[in-house]
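First the structure, in the form of structure tokens, and then the observations on it.
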Amino acid sequence: MMTDNNPWTRAQKQLQTAAKNFPIDPMLLARLQNPDRIVEVSVPLSMDDGSINVYQGFRVQHNNILGPYKGGLRYHPRVDMDEVKALSFWMTIKNAVVGVPFGGGKGGVNVDPKKLSAGELERLTREFTRKLFPVIGPEIDVPAPDVNTNGKIMAWILDEYSKLAGHETPAVVTGKPLERGGSLGRPEATGLGGSYALLSILKMMRKRPEGLTVAIQGFGNVGSYLAEYLHEAGLKVVALSDSKGGIYVPAGIASIHEVQRCKEKSGKIGGCYCIGSVCDLSNMKKLGGREISSEKILELPVDILVPAALENALTKENAKKIKASIILEMANGPTTAEADAIFKSKGIIVIPDVLANSGGVAVSYFEWYQNVHKKHWGKKDVFKKLKGKMERACEKVHDISLRYKVPLREAAYISALKSLSEKNAGAHKASARKKRR
Ligand code: NAD
């Protein structure tokens with residue numbers, strides 16, 4: 001169904017709006033409106049009980065003008081092609097915005113990995129890799145973890161690819177375990193990058209971060225690190241939630257680290273009211289806190305709202321109830337087009353996903369670079385480079401936003417279209433020179 005909630009429709013609209021503000025070569029526009037290639041493969045799997053299941057695997061390679069296709073692989077029973085096409089498009093834009101020499105890609109297998117044994121998961125991944133072998137590689141397409149995939153799965157892909165290639169090829173995937181060529185700082189990268197983006201935009205708005213209140217929906221890899229880093233920077237994190245609900249402490253959550261430990265122990269964030277290292281529901285009253293649902297957390301009276309869970313969290317239904325003056329989009333595609341229009345009319349600043357969460361792919365690029373150049377950077381070095389990339393991207397987007405008098409999302413798209421246009425024009429000139437010779 002082509003609705004406001006359809007991410008691919010939304011992605012197309014975002015592209016059209018940007019191209020109105022910054023007209024580009026019609027051929028380039030046509031390329032960006034359609035993925036370069038959609039690869040579909042069958043993945044037969046022999047199950048532990050001797051039966052055979054056949055899954056569908058796919059890879060959308062959206063665009064490679066800036067460099068090899070780059071983006072995650074997700075294992076999910078309802079793989080929605082429009083969603084994956086949109087995600088691959090957003091990778092093209094994101095990589096251009098943050099300034100890494102990668103294009104956009106995304107893919108996965110339509111499987112529920114929670115129903116597979118460890119052996120089945122490994123066999124599935126290895127078979128999927130064999131099928132993708134001709135279309136991936138360090139200079140072609142570099143997958144990474146996404147929903148329900150992780151470093152271990154990347155290590156199996158690396159193994160299988162290396163066997164077929166005839167040599168160890170760590171740069172074929174990113175998000176690998178450290179001992180297989182992963183980068184220090186990758187787990188923290190998206191959350192830390194988001195905090196750099198927010199601090200950088202606040203600085204340009206001449207707003208001091210200290211004491212600003214923050215609510216975060218989603219307390220996984222991204223949300224938890226972001227909360228920690230914002231807390232460290234002096235902001236007041238007052239609410240956190242996961243898929244089962246959340247906690248709200250208007251006076252501020254004293255230790256994100258303790259909440260994280262509590263969540264790890266109890267499997268949910270609800271009830272994690274911590275005084276010192278003691279976390280439980282009985283502390284709620286003492287802290288003046290209350291339980292909150294993962295939907296209501298979005299409507300709290302805070303300065304900064306962070307959707308860090310799934311797509312389409314902010315819709316036309318709840319957009320009018322949002323009280324935050326700044327939204328930091330850490331999830332991919334958390335705001336529908338209609339919600340975005342409401343935020344624009346209310347003057348709410350949206351720091352868009354393609355900028356806010358681009359720290360993850362920036363450090364993925366650092367990982368790939370270290371693999372290709374046989375280097376090992378320390379964590380401090382990685383964070384310093386990440387900070388530089390995020391600040392430069394934010395300054396560029398902010399400048400465009402002022403110059404074109406458009407919100408940050410449109411500015412980010414213009415920034416991306418500029419980079420893509422320049423590279424595209426450069427490539428055309430080079431090929432024309434070659435022909436003349
Ligand atoms: P994750 O699986 O580690 O965490 C997701 C969190 O969201 C969990 O706490 C989960 O309980 C919560 N959640 C799920 N459904 C929810 C709901 N309906 N309401 C509230 N919370 C809910 O995933 P992650 O890696 O932290 O990714 C979060 C988002 O950030 C995703 O949109 C992802 O695409 C995006 N993102 C992640 C990275 C990265 O490097 N991990 C990079 C860029 C973008």
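Just so you know, ligand 1 is whichever comes first in the structure, and atom 1 is the first atom listed for that ligand.
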Any N or O of Glu311 closer than 3.5 Å to N or O of ligand 1: no
Contacting atoms of ligand 1, where contact means under 4.0 angstrom from a heavy atom of Leu310: 15 (N)
Under 4.0 Å to a heavy atom of Asn357 - the qualifying atoms of ligand 1, by number: 43 (C), 44 (C)
Minimum non-hydrogen distance to atom 21 (N) of ligand 1, winning option of Asp353, Asp242, Asn332: Asp242
Check: Asp242 side chain, Phe219 main-chain N or O, donor-acceptor pair, under 3.5 Å: no
Sub-3.5 Å N/O-N/O distance, Asn221 and ligand 1: yes
Distance filter under 4.0 Å to Ala331 heavy atoms, resulting ligand 1 atoms: 29 (C), 30 (O), 32 (O), 35 (C)
Numbered atoms of ligand 1 (with element) below 4.0 Å of Val222, judged on heavy atoms: 24 (P), 25 (O), 26 (O), 27 (O), 30 (O), 37 (C), 38 (C), 39 (C), 41 (N)
Cys279/Cys262 sulfur gamma separation below 2.5 Å: no
Side-chain H-bond candidate by donor/acceptor type, Tyr75 with Thr125, under 3.5 Å: yes
Gly360-ligand 1 polar pair, N/O distance under 3.5 Å: no
Short N or O distance, Ala309 and ligand 1, threshold 3.5 Å exclusive: yes
Per-atom contacts of ligand 1 with Ala308, taking only distances under 4.0 Å to non-hydrogen atoms: 28 (C), 29 (C)
Subset of ligand 1 atoms that lie under 4.0 Å from at least one heavy atom of Arg186: 40 (O)
Main-chain N/O of Glu329 paired with Asp353 side-chain donor or acceptor, under 3.5 Å: no
Under 3.5 Å: N/O of Ser243 near N/O of ligand 1: yes
